[in-house]
Every structure is written in structure tokens, then in C-alpha cells.
Protein chains: 2
Amino acid sequence: MPTLNEVARHAGVTPATVSNVLRNRGRVGETTRQRVLEAVAALGYRPHLAARALAEGRAPTLALMVSSIANPFYPEFALAVERAARTSGHFVIICNTNEDPLTGRAYLDQIAGTLSEGVLVTNANLDFADLHTTEARGTPVVLCMWERPHEPPGLPCVAVDFRLAGELAGQHLLALGHRRIGAIVGSKATGVHAARYQGFVDALHAAGAPKGRVKHALDTIQGGYTATRALLDADPTITAIFATNDLPALGAMHAAADLGLSVPGELSVIGITDIQLARESRPALTTVAVPTVEVAGLAVSLLRELIESSYGQAGKAAAPDAVTVPMRISSPPELVVRASTGVPRSP
Amino acid sequence: MPTLNEVARHAGVTPATVSNVLRNRGRVGETTRQRVLEAVAALGYRPHLAARALAEGRAPTLALMVSSIANPFYPEFALAVERAARTSGHFVIICNTNEDPLTGRAYLDQIAGTLSEGVLVTNANLDFADLHTTEARGTPVVLCMWERPHEPPGLPCVAVDFRLAGELAGQHLLALGHRRIGAIVGSKATGVHAARYQGFVDALHAAGAPKGRVKHALDTIQGGYTATRALLDADPTITAIFATNDLPALGAMHAAADLGLSVPGELSVIGITDIQLARESRPALTTVAVPTVEVAGLAVSLLRELIESSYGQAGKAAAPDAVTVPMRISSPPELVVRASTGVPRSP
DNA sequence: CTGAAAGCGCTAACAG
DNA sequence: CTGTTAGCGCTTTCAG
């Protein structure tokens, strides 16, 4: 691997000049520029990114924290993040926390600021204190899927109005005529899907409909499957299932299939997110779509801004504007009606 | 961010000593070691990975090239890769080629050897010449899913006997009594699934069964869907579909659903790979499982070995053992019978 | 057992 | 416009 120095020698200039032509910095004469470019091509020179990172004091990578990339939502998101990151020359390092805050911390400790100049956090079971620590150490962090635009998390974030998503789902079911609706909340009671469920309840309330049964479940197909069976077991008159995420909704459809209930004939099912699988299931899942690609784009660009300004204010003492934690809000979720919802069966 | 130097000062020693205790190198006195450790803890020191990379001449990351992380097989594989990589302190950078060889080359050019010390390649539409180039430049490359153990690709790889997988699938269908089987090959005629289809044909041949119809398709659910409809259109007497991958197999099931054909009652469907979705579809997909996690582990450890030896032989002139390109073979694929296959309908 | 010194490959002022 | 001079933070001989 040829170095900058060798290229410089080959071109009969100094390393600084080569560096300059390569990054269009200091103005360089056209003839030397050509000479340098030729040398670069001749030697097949490629800049050593680690060296550059050290010299610049910043690494060209972003860390993407996910609980498990195997959860089908994350790959879609990761793809969008990577695309956005590439536009600013960033590479993305994927950090699976495997739902373990300690693993998450280990990642943050190791790469934040030393190999990555910014951190993107999805709903990855992380300790907020750890995130604040890495922020305090100078590495910007942004939360990618904050659920409650009206209750900022105290960390830069891009928020999606998930309460609205829940409400839209509820309204859709209500409009179809459903009154006995089971709800599957894909997390513990205190969990991250509270806003979605709240929206659903709001819709019910506004329509004067009864509140219905709720079941908390793992945010997986299996979780939705189990929850649905429990729900239907407890109340066979349920005509629709609202799940706070697509995966459990898919599980609900499976449960229906196993119980011999047709969807949507005998049971309607709706989810939230609109992952690819939602389109591809049979029947195709009605859901409330979250603008995934947009969120990824917003998150990356917010992170970039934070990174830039973090270098900018390096000299400033005690920035008191730390109170204004930035938050971007994505465009609102939208109902996508597909084949898993319909009018309720007659009693 | 405290530096090694500051820690050294704090502990009243030199940076070299701190470095030594941190990596258990030069023997260090127990008392100074303690002192250093305290200083490290007190200052919250974390090594600067980019600086270390430069000094060591090697980066702590591996590049994982995939065509699109959104294809459901890759996340599962990526997760396994990351787990394996962590055991040697490596981070993984995910590189989506988006099926574009140029994008792949751009990635290789930029990070191979400068930010990543090794490259893992899945079936990511890459130019082999580019891979050889990066290898020649000194960055080891390993192919992760080579399909034909008996025709080494000329690059280090871990191979899976996909011909066998196709054969097992064929045998299963045959054993059930199917004779009119449609095949969906998830790639162009010249493509990467040739071995799988060959195995299937071998099984047919061995049983003296007719060869049946074939349709090439995109390696997606949609591709399988379209292909299935075409197949059934051309020959309604088909009783089973063999797909060279799970995604198209899933698509076949959807097509069946839309045509009002019950699976497996009126149409059996089998795939290859056993992605998570196969377990989670309804009916659950019968498939031939590839040992994904094992393959990831083999690939990472092979890559590690290549990396180590590449540093080792740095001085040696013209290593003539370049002829022995290493290949690891995974344990054989295994048939997983689930609910999508059964005896053929009576004529 | 520990310190001093050189350098990894590149960038960033500042001179000339 | 181009060259000089310092490092970035860490590792690694080699002396002491």
C-alpha cells in the first residue's frame, strides 16, 4: 500500500501538496495537480482512513446501536441509515446489544469517539445514563425512534408520533364497525409502546367504545401469537386485534389461521410500522406506516449537525445552550389499508 | 477524552509503561501496575482505537459485504458474524452494495486495509477481479457462501454443499409421491443457484422422474409469486414447487393462497436455507436448512487466520503457497420438514 | 522492570 | 502556489 509520501516523491512534490490536491484544500497549480493525480493513479494510492482519522481527530464512521439486527425492522432501517451515511462519507458500524445494556455500554465505551464520531440509537434497550456519558465525553448521540414528541427524552432525537399511529389504527377498526377489540402491546407495561396503546385508547374513548382487553407480549411474531390465543381464549367475541407492532400482528394472523378463523372475515388484524413483511404476508397486513426512510435520513442529518457543531464549539467554555436539546419530528404515520381488516362478522 | 499520556503523568510513569500494563506486554511491576490501573480508572481512560490502528498498522474492523441488508437472510447472518467478530475484538462495518458492483468496488477501495483488516463477502454481486485486487493489496478476503465445494472459487471461502440441499429437497418431494414438480431458480440461468437446481435434478434423475418445468426468478417473495403463477399457468397439474431459496418459496405459498390452492393439500412447497421466516410463515415452510451460524463462525475464523498470517509473512518474498487457497466446508444442509409439504392430491 | 525515542500515515498551520 | 514543521495518540524497539 503506497503512502502519501511515496506519491509525493513520485510526483516530485511534498506530502502536504498531495494532501491538498486530494482534498481540494490549499489552492494548487493546475500542472502540479495533474502531476499529483497521475502519481496517485500510477501507484494506486488510497488514503489510509485510520491515519486520517487520527490526524483529523475524527473518525469516518457512525455506530448504529440495535438490540438485534435480526429483528426485521432494523435491517430496513439500517439500510436507510447506511445510504444516508454514505452521502457524508461515513461508514456504519453495526452494534448489536442483544438486549443487554452491558453489551451496549461496552460498545459505547469502546468505539464512541475513538472509532465512531457519532452514535445512532434505535430502541435498543440501553441505559440512558450511558448515553449521557458518551455525550458528555464529546460524542453526539441521537435517538432514532422516540415515541412521544411531547415528552422529549433529554437527548437529541427524531420523534415519530406513535400515539397518532395507535389512534389511526383504532379509528380504522372503529370505522369498520368493530367494538370488541383486543389489544396486544409489544412490550412490558411500562414499555416503549405505551404511546401507541394510548392513541388506541384515545380513539376508543372518543368513539365511546368499550376499552377492551389488553395483553402485553414480546415484540415478536411468537409473542403476538401467544397473546392472541390468550385474548381469544378469554373473550371469544373479539372481532379485531390491534397490535402495537407489525410482528405481533403477524403472529395474530397466524393464531387466527391455527384456530381456523379467517382473516379478515372472522378476525381483523392491524399493526403499526409497515415493515416489508406486512406487504408480503397473506393476507397482506393492514398497518399504520412509519416513514422509516425519512426517519433514518433525519437521524443521520441531525447527528451530522451535532457532530459538526461539537467540533465547532470545541474551544467554547461551558456552553449554556445545553438546555435546548434538538428534536426532529417525522411526518405523521399513515394508515395503509390492506387485506387483514374488514367489517366484523355478524354476532 | 484523556490520553495515554495523561494517564501516564497521573500515575507518574511513562506512556510506554501504561501501554504495557494495558496490553500485558513488557513485564511490569505489580505496584506500578496498580498505580497505572488506578489512574486509568480515575481518568476514565479509553484507548483511542484509530490511533491504535495507525500505530499497530491494523484496524479493528471487518467489512461485511452484502447486496442488501434488507434481504432477510443477511441480518441473521450478520448477527452471527458480529458475534463471532466480537470474540476477537473486531467491529463489523456493514457494506451494502445494493447489487451494484461499482458500489462494491468503492467500498473495497475505501476501507479494505485502511479501516478494515479483512473482508467478508456474501453473495453480493461483486466483481471477482476487485476482490483479487484487494487481496493482492494485502487485505484478506473470504467468501461466505460458496455453493460448490468441488469447484473452488480461487478465493478463500467457506462452502456449503448446496447441491446436496437441492437433492434433499427433491428427494423429499419424491418420497412424498410427487412427480410433477415445478422448480423456481432464484437467479439468472447462469446464476449462483445452479448447484441447488442441479441437486434437485440429480434427485429427479435418480428416481427416474420427469424433469419438470423450471422458471428463473428474482430471489424474492415477489419473484417466487410470479414464477409460481407462471408455472401453474403453464401446467396446472403440478403438485409441488421446489424453490432454490426460502423467499421465492414463500412467494409460492402466497400464489397458492391467491389461487385458492391449499398448501400442502393441493400444492406442496419447499425451499432452501431455513431463514427465520420459514418457521414463522403459515403454513410453516418445509425447507433444507443451511447452518448459518456455523458458516458465519467458520468464515470469521478463517478470515482471522488469514489476517494473522498476512502479518506474519510480511517479510517473506514471493510466497509460493499462494496456490493453496483455503476452503472450509460447513456441515451438510439438513431437511427440515414442516407444514408446507405433504402427499400430492389425487389426480 | 521502566524510560526515552522514533514513527505509523496523514493533516494543518504557517512560512517562504 | 508550495514547502516546512509539528503533531494526532498509541505502540514498540532499545537502552538504562
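The structure displayed is predicted, hence computed values, not measured ones. Below, chain A is the first sequence line, B the second, and so on; all start at residue 1.
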Base-pairing string, 5' to 3', of DNA chain D - Watson-Crick or wobble, under 3.5 Å, | interstrand: ||||.|||||||||||
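Atom CD of A/Glu6 is separated from atom C1' of C/dC8 by 13 Å (rounded to the nearest Å). A straight line from OH of A/Tyr311 to C1' of D/dC8 spans 13 Å, rounded to a whole angstrom. Atom CZ of A/Arg9 and atom P of D/dT2 are 20 Å apart (whole Å). Rounded to a whole Å, the CD atom of A/Glu30 is 10 Å from the P atom of D/dT2.
Between the side chain of A/Glu38 and the backbone N or O of A/Arg35 there is no donor-acceptor pair closer than 3.5 Å. Judged by distance alone, with hydrogens and angles left aside, the side-chain atoms of B/Glu76 form no donor-acceptor pair with the main-chain N or O of B/Thr292 at under 3.5 Å. For the pair A/Thr122 (side chain) and A/Met65 (backbone), a donor-acceptor distance under 3.5 Å is present.
Atom CZ of A/Arg328 and atom CG of A/Leu143 lie 14.0 Å apart (nearest 0.5 Å).
A search for side-chain contact (heavy atoms from CB on, under 4.5 Å) contacts involving A/Leu102 returns A/Asp100, not counting sequence neighbours.
When only modelled atom types and interatomic distance are considered, B/Ser116 and B/Thr61 share a side-chain donor-acceptor pair under 3.5 Å.
For B/Thr32 and C/dT2, the shortest distance from a side-chain N or O to OP1 or OP2 is below 4.0 Å.
Taking the six-membered ring where the residue is Trp, A/His132 and A/Phe128 present perpendicular rings, their angle passing 60° and hence far from 30°.
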Sequence-aligned protein contact record of nucleotides 9-16 of chain C, with B where the base is within under 4.0 Å of a protein heavy atom and S where only the sugar-phosphate is: BBBB----
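Test B/Arg58, B/Arg137, B/Arg304 against B/Glu117 for salt bridge (Lys or Arg N to Asp or Glu O under 4.0 Å) and you get one pass: B/Arg58.
Using a 4.0 Å heavy-atom criterion, one finds that A/Gly29 contacts the sugar-phosphate atoms exclusively.
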